[in-house]
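Let me begin by handing over the structure; questions about it come next.
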Amino acid sequence: QVQLVESGGGFVQPGGSLRLSCVFSGRISGDSVMAWFRQAPGAEREFVAARSWSGGTTVYGDAVKGRFTWSRDNAKSTVLLQMNSLKTEDTAVYYCAVRARRIIVGEWKRPSNYDYWGQGTQVTVSS
């Protein structure tokens, strides 16, 4: 079992920044994929970013490329999402997710491929 707890959401004006944190506990491996998704009201869950815990390629959703950055703090078992140049359309509940076993990079964007989810943290971008 893996437990995930997100934090760092809040209210910010367009053009501002936020940093989300996802603290995890439980057993993961180097092949585990650590991802961020988001879901706006009335919309489907959308892929934001992901990378395997061992490193390598980081994949970003088209809507956030160049503005968001996935990173990790090994010592604190934490995955981070730095969000810059925020837009009103970034408003959503943001979720951290873990895929326990190896999966090809092309499948990282599908929510159904993930085994564990956090409770989500609300991000609101508005003037």
Side-chain angles (χ1 to χ4, degrees):
Q1 284 284 353
V2 176
Q3 289 78 43
L4 305 166
V5 179
E6 303 98 332
S7 63
F11 184 95
V12 63
Q13 293 186 336
S17 299
L18 281 175
R19 189 176 76 165
L20 305 183
S21 297
C22 173
V23 178
F24 66 89
S25 59
R27 193 168 187 171
I28 66 167
S29 70
D31 289 337
S32 297
V33 180
M34 316 295 286
W36 289 95
F37 287 81
R38 66 186 184 185
Q39 189 165 20
E44 294 185 352
R45 197 158 292 192
E46 178 188 13
F47 174 78
V48 174
R51 191 167 79 182
S52 66
W53 186 244
S54 63
T57 302
T58 305
V59 178
Y60 294 96
D62 290 342
V64 307
K65 283 180 182 176
R67 300 187 298 122
F68 290 12
T69 303
W70 186 108
S71 64
R72 69 183 188 189
D73 184 334
N74 292 354
K76 298 181 180 179
S77 297
T78 301
V79 175
L80 304 168
L81 184 69
Q82 179 65 43
M83 307 187 297
N84 297 329
S85 302
L86 283 161
K87 305 175 182 180
T88 56
E89 51 263 46
D90 294 319
T91 295
V93 177
Y94 283 72
Y95 297 92
C96 179
V98 171
R99 159 81 182 193
R101 293 170 290 113
R102 181 191 295 268
I103 193 169
I104 61 173
V105 174
E107 290 294 313
W108 286 6
K109 296 184 178 182
R110 295 180 187 274
S112 60
N113 286 329
Y114 289 82
D115 306 300
Y116 304 101
W117 292 84
Q119 83 289 348
T121 185
Q122 176 70 46
V123 171
T124 302
V125 185
S126 176
S127 56

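Reckoned from all heavy atoms, side chains included, excluding hydrogens, waters and symmetry mates.
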Next item on the list: Output yes when a side-chain donor or acceptor of Glu6 lies under 3.5 Å from a complementary backbone atom of Cys96, and no otherwise.
Entry: yes

Checklist line | Thr91 (side chain) donor-acceptor with Val125 (main chain) under 3.5 angstrom | finding: yes

Item checked: Same cluster (ILVMFWY, side-chain, under 4.5 Å), Leu80 and Tyr60 -> no

Next item on the list: Grab the two heavy atoms, one from Ser32 and one from Ala100, that are nearest each other, plus how far apart they are.
Entry: OG-O, 3.0 Å

Next item on the list: Identify which one of Met34, Lys76, Gln3 satisfies the side-chain contact (heavy atoms from CB on, under 4.5 Å) criterion when paired with Phe24.
Entry: Met34

Note to self: Just verifying a value: how many Å separate Asp90 CG and Arg38 CZ, rounded to the nearest 0.5 Å?
What the structure shows: 4.5 Å

Notebook entry, point to check: How long is the gap from CD on Glu46 to NZ on Lys109, to the nearest 0.5 Å?
Noted result: 10.0 Å

Checklist line | Pairwise distance CZ(Arg51) to OG(Ser71) - rounded to 0.5 angstrom | finding: 7.5 Å

Item checked: For the student: nearest non-hydrogen atoms of Val48 and Leu81, plus distance -> CG1-CD2, 4.0 Å

Note to self: Nearest 0.5 angstrom please: Arg19 CZ to Ser17 OG, how far?
What the structure shows: 11.5 Å

Check: Around Glu89, counting heavy atoms of other residues, nucleotides and ligands shown, do more than 12 lie under 6.0 Å from its CD?
Finding: yes

Margin query: Nearest 0.5 angstrom please: Phe68 CZ to Thr58 OG1, how far?
Written below: 15.0 Å

Check: Looking at SG of Cys22 and CH2 of Trp70, how far apart are the two atoms once the value is rounded to the nearest 0.5 Å?
Finding: 10.0 Å

Item checked: Smallest separation among heavy atoms of Ala97 and Leu4, with atom names -> CA-CD1, 3.9 Å

Notebook entry, point to check: Any donor and acceptor pair, going by atom type alone, linking the side chain of Arg102 with main-chain N or O of Asp31 inside 3.5 Å?
Noted result: no

Notebook entry, point to check: Linking Ile, Leu, Val, Met, Phe, Trp and Tyr by side-chain heavy atoms under 4.5 Å, what else ends up with Val33?
Noted result: Phe37, Phe47, Val59, Val93, Tyr95, Ile103, Val105, Trp108, Tyr114, Trp117

Notebook entry, point to check: Below 4.5 Å, heavy atoms only, C-beta onward: do Arg67 and Lys87 meet side chain to side chain?
Noted result: yes

Checklist line | Any Val12 side-chain heavy atom under 4.5 Å of Met83 side chain | finding: no

Margin query: Tell me the closest heavy-atom pair linking Val2 and Ile28, and the distance in Å.
Written below: CG2-CG2, 4.0 Å

